[in-house]
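Step one of this worksheet: look at the structure below.
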Amino acid sequence: MTALAGTWGLIRLVLRRDRFLLPLWVLAPALVTVNLVPATEALLPAAADRLQYAGTTGTNPTFLALYGPLYSGDIGGIVAQRAGFMPVVIGVISALTVVRHTRAEEEAGRRELLGATVTGRGAGLAAALAVTLAANLAIAVLLAAGMAAQGLPLAGSLAFGLQFAAGGCVFAAVAGITAQLSEGAGAARGAAVGALGGAFVVRMAADVGGEGNALSWLGWLSPFGWAQRARPYGGERWWTFALVAVLVAALMAAAAALSARRDVGAGILPPKLGPAGAAPRLSGPFGLGWRLHSRALYGWLAGFAALGVVYGAVAGGVRDMMRDSPELAEFFRTLGGQSGITDAFFASAMGILGLIAAAYAVSATLRMRTEETGRRAEPLLATAATRLRWAAGHLVFALLGPAAAMAVAGTAAGLAHGLNVGDVGRELPRVLVAALAQLPAVWLVAALALALFGLAPRFTGAVWAAVGAFIVITMFGPALDLDQWVLNVSPFTHVPKLPGAAFTAVPFAWLVALTAVLSAAGMLGFRRRDIAAH
């Protein structure tokens, strides 16, 4: 029997399990980006407007760091830059998909059962990678077709689509490797997302000074830099995609080699043995929660601190970028903030960090489902530990973890910006409050995950679809001119756009009340249902 025996059957299984999620994350990036074309044409109707926009965003460090270089001042080039963050989102989704169908399957014990059939050792990894890479190529085809259908050049549209797929393919392969290194799905996800974050930071450092700056060579150390240097709509460089293809092939080969060297359920890196006796602080449900969540929390805090410093450092360039472009100023005011361009930038930035924090809150909440399906919750609940105390040991991290992360990001951003403008005492509190203002919306998303866990545990994965919808609505809804009722679907729409906007307590009260209702429903459902119910 070959190592790839049974791969086609496992591909069909992956497609069956992801029959709802897979079409969503394939269609959403393509449709959202294609709809940016008419929105950009409405924002910049004249060639002079587009030329002014290109002259501003093509040289300003803030826009270069956040979205990457602008290689063309026409509609296609502007849309390509405005969608510069989308490959990062696709990379995260691709990495999580691969881990879900590899290491998470082993952790749940299902991979071992499948391995007892006519299934080769490498079939599971091959199936996960095949489906994920095919999904990324489908995004590229849909995006290229959609852009070309609106009259944009076919070559540039194809390069633009491949730029989206490049990030997803690379980090799907990276996740294939991290899934072999550790014994836990959480560690595999964290390592893959950490590598992605590092690649994005390297790309930001390379582009912040514009093309030809002293650090631009760093762009060749990041797959995101390779994909952007394909220059969609700006004189395409097709050979950069050959670099991506070689890297993906090398990473996949490395993942296959590592998979062949380990036992099912084990990792290449052995787990670190702990002390013979547990410290008193680790006893009880809260101690267990700390043991399970603390490493992930440290990683999230470090990431939020880095993002806060980046946002605070580049905020000073926003005013200069907007001075000569009223259209761009209006665009940023639409994204967030009502008073001042810098305030609008921070409102938008804190909104993005709030969406990331919501993903962390969901991950922390759904750890309960992982413990339950892994058959580790039932023995604990057979002791004196009640369901409420056990759940509280996890939920404290779902609530206080994002609060700590947003506080760290707000402090870092406010401190960096305050040092730049020479007024830390004024800027730090304002930016910190803007960061913490996102928490009611973040907690509402966590409460939604808890409600699904308690009432419909089989569909807990649907909360990730909700997170994706909130990201699309919040980040692209105003630019796409969506109806207000659509914008209202996202809880982040109702958070006051601080700093700058007037503070009102009513939205906070409604978000907190809805959070309490969903949380109570989830806990009541969990108390009444069977453990490991489907």
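Side chains are part of it too, since the values below use all heavy atoms of this structure and drop only hydrogens, waters and symmetry mates.
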Test item: [X] and [Y] side chains (from C-beta on) under 4.5 Å apart, heavy atoms:
X: Val34; Y: Met147; answer: yes
X: Phe470; Y: Pro491; answer: yes
X: Val362; Y: Thr365; answer: no
X: Thr504; Y: Pro496; answer: yes
X: Met523; Y: Leu395; answer: yes
X: Ile352; Y: Tyr311; answer: yes
X: Phe171; Y: Ser94; answer: no

Might you work through the side chain to side chain contact (heavy atoms under 4.5 Å, CB included) test for Trp510 and His494, ending with a clear yes or no? CA-CA 9 Å; Trp510 277 107; His494 305 281; over 6 Å; no

Please work out whether the ring planes of [X] and [Y] are parallel, tilted or perpendicular, with thresholds of 30° and 60°.
X: Phe526; Y: Phe453; result: tilted
X: Phe304; Y: Trp300; result: tilted
X: Phe397; Y: Trp290; result: tilted

Drop me the distance from [X]'s [atom1] to [Y]'s [atom2], to the nearest 0.5 angstrom.
X: Gln81; Y: Leu70; atom1: CD; atom2: CG; result: 4.5 Å
X: Ile473; Y: Phe492; atom1: CD1; atom2: CZ; result: 11.5 Å
X: Ile90; Y: Leu196; atom1: CD1; atom2: CG; result: 11.5 Å
X: Leu452; Y: Phe459; atom1: CG; atom2: CZ; result: 9.5 Å
X: Leu355; Y: Gln438; atom1: CG; atom2: CD; result: 7.5 Å
X: Ser490; Y: Ile471; atom1: OG; atom2: CD1; result: 9.5 Å

Sorted by chain and number, sequence neighbours left out, side chain to side chain donor-acceptor pair (under 3.5 Å) with Thr370 holds for none

Could I get the full list of side chain to side chain donor-acceptor pair (under 3.5 Å) partners for Arg367, not counting sequence neighbours? Glu371

Where do [X] and [Y] come nearest, in terms of heavy atoms and distance?
X: Val431; Y: Ala413; value: CG1-CB, 3.9 Å
X: Leu21; Y: Ala465; value: CD2-CB, 4.0 Å
X: Leu448; Y: Ala466; value: CD2-CB, 4.0 Å
X: Val174; Y: Ala195; value: CG1-CB, 4.1 Å
X: Ala191; Y: Thr178; value: CB-CG2, 3.7 Å
X: Ala227; Y: Ala166; value: CB-CB, 3.9 Å

Using a 6.0 Å cut-off, check whether atom CZ of Arg376 has over 12 heavy atoms from anything other than its own residue. yes

Can you confirm whether Trp220 is buried at CH2, in the sense that more than 12 heavy atoms of other residues, nucleotides or ligands lie under 6.0 Å from that atom? yes

Under 3.5 Å: donor-acceptor pair, side chain of Thr515, backbone of Leu511: yes

Could you tell me whether the side chain of Thr493 and the main chain of Leu487 form a donor-acceptor pair under 3.5 Å? yes

Show your reasoning for whether side chain to side chain contact (heavy atoms under 4.5 Å, CB included) applies to Trp226 and Val170. CA-CA 11 Å; Trp226 298 358; Val170 168; over 6 Å; no

How about His417 and Phe346: are their ring centres within less than 6.0 Å of each other? yes

What about the rings of Phe224 and Phe85, do their centers lie closer together than 6.0 Å? no

With sequence neighbours excluded, tell me which residues meet salt bridge (Lys or Arg N to Asp or Glu O under 4.0 Å) with [X].
X: Arg203; answer: Asp207
X: Arg426; answer: none
X: Arg387; answer: none

Verify salt bridge (Lys or Arg N to Asp or Glu O under 4.0 Å) between Arg430 and Asp343, making sure each step is shown before the conclusion. CA-CA 9 Å; Arg430 296 174 70 247; Asp343 287 351; 2.9 Å; yes

Assess, by modelled atom type and distance only, whether the side chains of Arg103 and Ser182 contain a donor and an acceptor separated by less than 3.5 Å. no

Strictly by modelled atom types, are Thr132 and Thr97 linked by a side-chain donor-acceptor pair under 3.5 Å? no

Looking at Arg50 and Glu41, is any side-chain nitrogen of the basic one under 4.0 Å from a carboxylate oxygen of the acidic one? no

Which residue pairs pass the side chain to side chain donor-acceptor pair (under 3.5 Å) test when at least one of the two sits in residues 390-410, sequence neighbours left out? His293-His394

Given the rule in the side chain to side chain contact (heavy atoms under 4.5 Å, CB included) test, do Leu297 and Tyr360 qualify, once you have shown the distances and angles that lead to the verdict? CA-CA 9 Å; Leu297 176 60; Tyr360 167 47; 3.2 Å; yes

